[in-house]
Visitor: 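Here it is, the structure in full.
Only this structure's heavy atoms are used, side chains among them; waters, hydrogens and symmetry mates stay out.
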Amino acid sequence: MSRQILTGNQAFSLWESCLRKIYNTPASVTVVTGEWKTGKTDFALYLTFDELKERLRVIEKIGTNIKVFKDEKFSDLDDRIVYVDNFVDFETFVFQDKKPKVFIFDEAIKSSPSRKAMSKLNTKWLEYVPELSKGKCHLIAITQAKDYTESLFLNPIWNRAEWHKINKTTVILTILKPRIEMHTFYDVPPTSLKFDPYRQAIWRMYPEKKMENLPFEVKIAFDYAHGVSSEELMQKYQLGSRMQAIRLIRKGIRILEQMISNIVTNEWKEDNLE
């Protein structure tokens, strides 16, 4: 395994060679792993924006469920990065054109955990990952632990490489195709993009705007089903306690069950009308 300081000419040449080898070939997946607060999200943004898009120009578009902002006020989103937090907008981002692009899927361990391998979120990825080539899109999945992450992202059919963050400036690269290579890079700089590292990256089946007319309790239950913790629900909906959040989740589930029952009953009546 080679060990390289990124500031050196030889190491920088190797770094660039590795990036072109991995990302000049779209329709594949790479994974960024590492323990908590090792700078995984920062690195993924640096890799895609500062290197692949701005310097090497091997991609033209970047999409992600990470909110990237224009400045440190964290108020207005940076229009150079497409913010996507659901499969509907993800499909538009990937397939609306043939420009080479990268999508960064942050917090994959929360949104697509392996212990829920048959969940709707996990199985939905199975529809898109094999089709990434049609949109010339490379998927980067960020996770703290591979053992608890959806196995689809790690499947050797699509997985091209893994970046393992050791700390905020050191990363180990394992290239899996066309042959196994391992390199350690030091002094990797931070991204020039502005983002809040403490903000949760959300992922949903559908855009949140389609839920505007749903009951308050159903919105809370829907968020909880898509990985938002009870503590985060308390902050988002200004709830007084964790117990209140749990009660509203349970009520939302009951309301949703009744809504589904009414839909099924109405469809049955329509199908059986003479």
Visitor: Within this structure, what is the OH-CD1 distance for the pair Tyr224 and Ile253, rounded to the nearest 0.5 Å?
Guide: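 If we round to the nearest 0.5 Å, Tyr224:OH and Ile253:CD1 are 8.5 Å apart.
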Visitor: Do side-chain atoms of Lys134 reach the backbone of Pro130 as a donor and acceptor pair under 3.5 angstrom?
Guide: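 No, Lys134 side chain to Pro130 backbone: no donor-acceptor pair under 3.5 Å.
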Visitor: Any heavy-atom pair between the side chains of Phe103 and Ile140 that's under 4.5 Å?
Guide: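 The answer is no; the side chains never approach within 4.5 Å.
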Visitor: Is the cationic atom of Lys194 (NZ for Lys, CZ for Arg) positioned less than 6.0 Å from the six-membered ring centroid of Phe69 and within 45 degrees of its normal?
Guide: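 Cation-pi check for Lys194 and Phe69: fails.
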Visitor: So, does Lys53 use its side chain to make a donor-acceptor pair with the main chain of Leu47 at under 3.5 Å?
Guide: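 Here the side-chain-to-backbone pair does not exist.
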Visitor: Please walk me through it: do Glu217 and Arg247 pass salt bridge (charged side-chain N to carboxylate O under 4.0 Å, His left out)?
Guide: CA-CA 9 Å; Glu217 296 86 352; Arg247 284 198 299 266; over 6 Å; no
Visitor: Examine Tyr83 together with Trp203 and report whether their ring centres are nearer than 6.0 Å.
Guide: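 Judged by ring-centre distance (under 6.0 Å), Tyr83 and Trp203 do not meet the cut-off.
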Visitor: With a 4.5 Å cut-off on side-chain heavy atoms, are Glu131 and Glu91 touching?
Guide: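 Not in contact.
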Visitor: Does the pair Lys136/Asp97 count as a salt bridge with the N-to-O cut at 4.0 Å?
Guide: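 Salt bridge flag = no for Asp97 with Lys136.
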Visitor: Does Glu35 CD have over 12 foreign heavy atoms under 6.0 Å away?
Guide: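 Not more than 12 within 6.0 Å, no.
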Visitor: Please give me the minimum heavy-atom distance between Lys37 and Lys168, naming the atom from each residue.
Guide: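 Of all heavy-atom pairs spanning Lys37 and Lys168, the closest is O-NZ, 3.7 Å.
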Visitor: With a 4.5 Å cut-off on side-chain heavy atoms, are Pro197 and Asp42 touching?
Guide: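 Answer no - side chains too far apart.
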Visitor: Ignoring hydrogens and angles, tell me if any N or O in the side chain of Lys67 forms a donor-acceptor pair with the backbone of Phe74 under 3.5 Å.
Guide: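 Not confirmed, Lys67 side chain does not pair with Phe74 backbone.
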Visitor: Tell me whether Gln244 contacts the main-chain N or O of Gly240 through its side chain, where contact means a donor paired with an acceptor under 3.5 Å.
Guide: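 It does hold such a pair.
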Visitor: Any donor-acceptor pair under 3.5 Å linking the side chain of Lys70 with the backbone of Asp76?
Guide: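 No; zero donor-acceptor contacts below 3.5 Å.
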Visitor: With side chains defined as the heavy atoms from C-beta onward, is the minimum distance between Val171 and Leu173 less than 4.5 Å?
Guide: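 With C-beta onward as the side chain, the pair stays apart.
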Visitor: State whether Glu257 and Arg254 are salt-bridged, where the test is any N-O pair (Lys NZ or Arg NE/NH1/NH2 against Asp/Glu carboxylate O) under 4.0 Å.
Guide: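 Between Arg254 and Glu257 there is no salt bridge, as every charged N stays at least 4.0 Å from the carboxylate O atoms.
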Visitor: Under a plain distance cut-off of 3.5 Å, with no hydrogens placed, do Gln200 and Glu232 share a side-chain donor-acceptor pair?
Guide: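 The answer is yes; a qualifying pair exists.
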Visitor: So, for Glu54 and Asp50, which heavy atoms are closest and what is the spacing to 0.1 Å?
Guide: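 Result for this residue pair: CB-O, 3.7 Å.
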Visitor: Does some side-chain heavy atom of Leu52 sit less than 4.5 Å from a side-chain heavy atom of Leu19?
Guide: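 The answer is yes, as the side chains (C-beta and beyond) meet within the 4.5 Å cut-off.
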Visitor: Report the C-alpha distance between Val31 and Leu154 in whole Å, list the side-chain angles of each, state the deciding distance to 0.1 Å, and finish with yes or no for side-chain contact (heavy atoms from CB on, under 4.5 Å).
Guide: CA-CA 8 Å; Val31 179; Leu154 308 172; 3.7 Å; yes
Visitor: May I ask you to decide if the ring planes of Phe185 and Trp163 are parallel, tilted or perpendicular, using 30° and 60° as cut-offs?
Guide: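 Plane angle between 30° and 60°, so tilted.
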Visitor: Is a salt bridge present between Lys73 and Asp71, judged by a nitrogen-to-oxygen distance below 4.0 Å?
Guide: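 Salt bridge flag = no for Asp71 with Lys73.
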Visitor: Does a sphere of radius 6.0 Å around NZ in Lys251 hold more than 12 heavy atoms from other residues, nucleotides or ligands, not counting ones at 6.0 Å or beyond?
Guide: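 Open.
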Visitor: What distance do Ser17 atom OG and Ile175 atom CD1 have between them, rounded to the nearest 0.5 Å?
Guide: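 One finds 7.5 Å between OG of Ser17 and CD1 of Ile175.
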Visitor: Is it true that Phe90 and Tyr128 have ring centroids separated by less than 6.0 Å?
Guide: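 Ring centroids of Phe90 and Tyr128 are less than 6.0 Å from each other.
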Visitor: Does either side chain, that of Glu162 or that of Thr33, offer a donor lying less than 3.5 Å from an acceptor on the other one?
Guide: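 Yes, side-chain donor-acceptor contact under 3.5 Å.
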Visitor: Restricting to ring-ring contact (aromatic ring centres under 6.0 Å, His included), what partner residues turn up for Phe95, sequence neighbours left out?
Guide: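 Listed in chain order: nothing, the list is empty.
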Visitor: Looking only at heavy atoms, what is the nearest atom pair of Ile172 and Met182, with distance?
Guide: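 Heavy-atom minimum between the residues: CG2-CE, 4.1 Å.
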Visitor: Testing Phe105, Tyr23, Trp158 one by one against His138 for a ring pair (Phe, Tyr, Trp, His ring centres under 6.0 Å), which residue passes?
Guide: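 The residue from Phe105, Tyr23, Trp158 that satisfies ring pair (Phe, Tyr, Trp, His ring centres under 6.0 Å) with His138 turns out to be Tyr23.
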Visitor: Using every non-hydrogen atom in the two residues, find where Lys101 and Gly135 come nearest and quote the distance to one decimal.
Guide: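 Closest approach of Lys101 to Gly135, heavy atoms only: NZ-O, 2.5 Å.
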Visitor: Does a donor on one side chain sit under 3.5 Å from an acceptor on the other, for Tyr237 and Asp223?
Guide: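 Note: Tyr237 and Asp223 side chains meet the donor-acceptor criterion.
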Visitor: For Ile104 versus Asn65, what's the shortest heavy-atom pair and its separation?
Guide: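 Scanning both residues, the minimum pair turns out to be O-OD1, 3.3 Å.
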Visitor: Quick one: does His183's side chain get under 4.5 Å of Leu14's, heavy atoms only?
Guide: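 In contact.
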Visitor: Would you say Leu45 and Phe49 make side-chain contact, with heavy atoms under 4.5 Å?
Guide: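 No, their side chains stay 4.5 Å or more apart.
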Visitor: So, for Ala245 and Met234, which heavy atoms are closest and what is the spacing to 0.1 Å?
Guide: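 Where Ala245 meets Met234 most closely, the heavy atoms are CB-CG, 4.4 Å.
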Visitor: Checking side-chain hydrogen bond (donor to acceptor under 3.5 Å, both in side chains) for the pair Glu51/Trp15: CA distance, chi angles, key distance, verdict?
Guide: CA-CA 10 Å; Glu51 289 292 308; Trp15 167 264; 3.0 Å; yes
Visitor: So which of Val102, Thr64, Thr191 actually passes side chain to side chain contact (heavy atoms under 4.5 Å, CB included) with Thr48?
Guide: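 The single option meeting the side chain to side chain contact (heavy atoms under 4.5 Å, CB included) with Thr48 is Val102.
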Visitor: Go through the side-chain N and O atoms of Thr170 and Asn167 and say whether any donor and acceptor fall under 3.5 Å apart.
Guide: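 Their side chains do contain a donor-acceptor pair, which is all the 3.5 Å distance test asks for.
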Visitor: Would you say the side-chain atoms of Ser230 and Arg242 include a donor-acceptor pair closer than 3.5 Å?
Guide: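 Yes, because at least one side-chain N or O of Ser230 sits under 3.5 Å from a partner of the opposite role on Arg242.
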